[in-house]
Amino acid sequence: MKFEYKVTLIYLLIGGAWIIFSDKFLLTITGDQEMLTEFQTYKGWFYVATTSVLLYFLLKKHLKRLRKAESKAVKSNRLKTAFLQNISHEIRTPMNSIVGFSELLKSEELSETETKQYIKLINRSSYQLLNIVNDLLEISMIETGNIKLNEKNFHLNSFLDELISTFIPLVKKDINFSVTKGLDDESCTIRTDDHKLRQVLNNLLTNANKYTDKGNIELSYKIEDKSIKFSVKDTGIGISKELQSQVFNRFHKVHDEKERLYDGVGLGLAICKGNIDLLKGEIGVESEPDMGSTFYFTIPFQPVK
Ligand code: ADP
């Protein structure tokens, strides 16, 4: 029922009940009609005072809810504008590189090495663009609930071997990368959506590599109760306590001052969270600035014989 109808109805009900029953009640207590007439004014005041207090609290509660919704809408609008600026910047950078280097390729005086280098740069920028578009598609599908899980049985350790074989060539040279597996090769067949799991792990590993200059990155998993807990630990720039709760929100990039140093639109972790929610798990982070971060997530452990 709409708020205004609710308040009017409450007002009418209390008023009606007061008119009908208060006289009878007073008469029963005092047994004196004259006294009742004397009390009429006080009764009126009492009614006005009680309903005013009630109205005040109802309005206060309602306005609080409205103001909260308003500030949320303003914040979300601000985020959208920031996102549009951000995304335009992120799209323009690889686009400029594609346009610029393909223009240069038209020249006939290029050496073979230059040609190869320009093609490599165009190729890299095209992949960067493709990643942005893929992220945008993925987050909109998560938001509209348009994603179906595709669970299947697979060998977790082999899956990780394959995943890290594509990651190792990308690891920075001053970083030592290690993996710890929590199950034997004989007993690590599990059931889940391997595509989603790969996406989440890839995102976390890419971030660890992006935000760490030197030290270690450790990927591990272990069994905890009825869950598998995966962790990606790095010795990178870390995230302050206040900002840790924001990193899983979409379009959030928390290293404001340094953000120009790192590319990315701030969607990776929001996609991870969306996917882990779908897999019925939990995702979180423990981190300290300049000491490193540990991103962890759980998924239900469904062993397969
Ligand atoms: P982005 O595309 O900007 O990397 P993400 O959603 O993946 O977006 O991450 C959101 C923000 O969280 C990043 O901008 C970064 O500031 C912070 N972040 C993510 N992973 C790490 C990490 N391993 N170490 C430090 N900061 C991180």
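Just so we're clear, the structure is a prediction, and the values are computed from it rather than from any experiment. For ligands, and for the atoms within them, numbers begin at 1 and follow the listed sequence. Side chains included, hydrogens not; waters and symmetry mates left out as well; all remaining heavy atoms used.
- Salt bridge status for Lys181 with Asp161: present, with a side-chain N to carboxylate O gap under 4.0 Å.
- Residue-level proximity to ligand 1 for Leu267 is carried by the backbone, the only part with a heavy atom below 4.0 angstrom.
- Residue contact annotation: Ser293 has a non-hydrogen atom under 4.0 Å from ligand 1.
- For Gly266, a nitrogen or oxygen atom sits less than 3.5 Å from a nitrogen or oxygen atom of ligand 1, counting backbone and side chain alike.
- At least one donor-acceptor pair closer than 3.5 Å links the side chain of Asn209 to the backbone N or O of Lys172.
- The closest approach between Phe295 and ligand 1 falls below 4.0 Å for a heavy atom of the residue.
- The parts of Leu269 lying near ligand 1 are both backbone and side chain, judged by heavy-atom distances below 4.0 Å.
- Hydrophobic cluster membership differs between Leu219 and Tyr296, with clusters built from Ile, Leu, Val, Met, Phe, Trp and Tyr side chains linked at under 4.5 angstrom.
- Of the N or O atoms in Gly238, none lie within a sub-3.5 Å distance of an N or O in ligand 1.
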So Leu201 and Leu160, side-chain contact (heavy atoms from CB on, under 4.5 Å) or not? Walk me through it. CA-CA 9 Å; Leu201 285 170; Leu160 286 180; 3.8 Å; yes
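- With respect to the salt-bridge test (charged N to carboxylate O, under 4.0 angstrom), the residues Lys222 and Glu224 qualify.
- Aromatic ring centres of Phe295 and Phe230: separated by at least 6.0 Å.
- Remark: ligand 1 atoms within the under-4.0 Å shell around heavy atoms of Lys210 are 1 (P), 2 (O), 4 (O).
- No N or O atom of Ala270 sits closer than 3.5 Å to an N or O atom of ligand 1.
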